[in-house]
Amino acid sequence: MDTAERYRRFAEREARGHSPSYEELAGAIARDGRLTALIDRLPEPKRQPNLLLGAARFLGGPTGDPASFRPWLLDHWDEVRAVVLERRTQTNEPGRCAVLLPLLAALPQPLALIEVGASAGLCLYPDRYRYSYDGRPAFGPDGGPVTLDCRTAGPVPLPARPPTVVWRAGTDLNPLDVSDDGDVHWLECLVWPEQTHRLRRLRDAVRVARAEPPHLVRGDLNETVRDLVASAPAGATPVVFHSAVLAYLPPGARDAFAGTMRALPAHWVSNESPGTLPSVAERLPRPAPADRASFVLALDERPVAFTGPHGQSLEWLKT
């Protein structure tokens with residue numbers, strides 16, 4: 001899709017109901033031919049709304065005011081462009097652990113977790129977070145600083161406790177360091193305005209990760225995931241998982257990754273936008289909801305649920 005349509009869809013399908021500032025700002029960009037022409041000068045993978053708006057916030061831009069944002073962006077385009085080219089959309093949303101939890105807890109324990117596209121690795125700690133589904137009392141480690149809220153629909157197999165994780169590692173083209181204040185600030189700028197609960201959650205999850213920094217490997221996902229699975233300790237169930245990662249790869253690279261995963265002695269948990277993995281999409285019993293952004297959660301290419309992009313909802317599919 002062209003840039004104007006991309007920003008319009010972001011405003012109407014993703015930001016609406018979640019961030020009024022981003023909804024208004026992305027809609028204004030979509031209607032502004034000069035701004036979309038400027039964005040079109042970026043490489044195609046770098047034109048994403050989350051990346052551009054996050055870069056503007058990283059530089060202190062007025063993302064809460066479309067009227068001020070336009071002249072600011074024109075005046076600061078070189079700086080914004082530099083950040084966009086240097087950084088990646090690496091939203092590290094620990095809330096996604098709430099939708100992964102039913103699958104992780106149902107697998108043979110203990111687990112060796114391997115995250116693809118790990119960013120700073122905040123989703124590698126599902127055993128350290130607490131969970132509250134549909135407002136029910138939270139469960140998980142006593143005194144844990146992070147509680148993840150999630151609303152559910154359908155026959156969700158909610159576990160009684162988090163999984164047991166004995167080993168955790170991740171891979172990313174550009175891993176972020178939870179001990180680096182600049183990297184953490186970038187993660188904070190990827191949290192949308194008005195979503196103060198997500199920002200608090202991110203900061204609390206950073207505290208968890210800083211107490212036991214994750215093992216993250218820089219490199220191509222196909223090569224590094226093979227090495228990490230081979231490194232998993234004996235007696236643990238290897239689980240490779242990822243959320244909102246494969247959409248940033250060209251179709252050929254996604255196909256190559258799917259082939260890699262099928263050959264590995266590990267379970268494969270994917271949480272991606274509909275259509276990203278054709279082998280998952282073709283097994284869906286019904287289309288994804290058209291009125292909101294949704295991901296498809298799958299275990300070993302078998303779809304099991306529609307999920308909210310930030311882990312806020314879990315709609316289990318009837319089989």
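Positions are given from 1 along the sequence. Just so it is clear, the structure is predicted and the values come from calculations on it, not from any experiment.
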Spell out, as yes or no, whether a donor-acceptor pair under 3.5 Å connects the side chain of [X] to the backbone of [Y].
X      : Y      : answer
Arg130 : Gly140 : yes
Gln109 : Leu107 : yes
Gln48  : Asn50  : no
Glu272 : Val245 : yes
Arg201 : Val146 : no
Arg168 : Leu113 : no
Asp134 : Arg136 : no
Ser313 : Gly308 : yes
Glu301 : Ser279 : no
Ser19  : Ala15  : no

Of Arg16, Arg8, Arg9, the residue whose pairing with Glu12 passes side-chain hydrogen bond (donor to acceptor under 3.5 Å, both in side chains): Arg8
Nearest heavy-atom neighbours spanning Leu122 and Ala209: CD2-CB, 3.7 Å
Smallest separation among heavy atoms of Thr91 and Arg198, with atom names: CG2-NH2, 3.6 Å
Plane angle bin for Tyr129 and Tyr125 - parallel if under 30°, tilted between 30 and 60°, otherwise perpendicular: tilted
Ring geometry between Tyr22 and Phe10 (parallel below 30°, tilted from 30 to 60°, perpendicular above 60°): tilted
Side chain proximity check, Pro265 to Val229, heavy atoms < 4.5 angstrom: yes
Heavy-atom side-chain contact between His310 and Trp192 under 4.5 Å: yes
Between Thr260 and Arg226: side-chain donor-acceptor atoms closer than 3.5 Å: yes
Would you say [Y] ends up clustered with [X] if hydrophobic residues are merged whenever their side chains have heavy atoms under 4.5 Å apart, either directly or through other cluster members?
X      : Y      : answer
Leu74  : Tyr7   : yes
Phe295 : Leu317 : no
Tyr248 : Phe241 : no

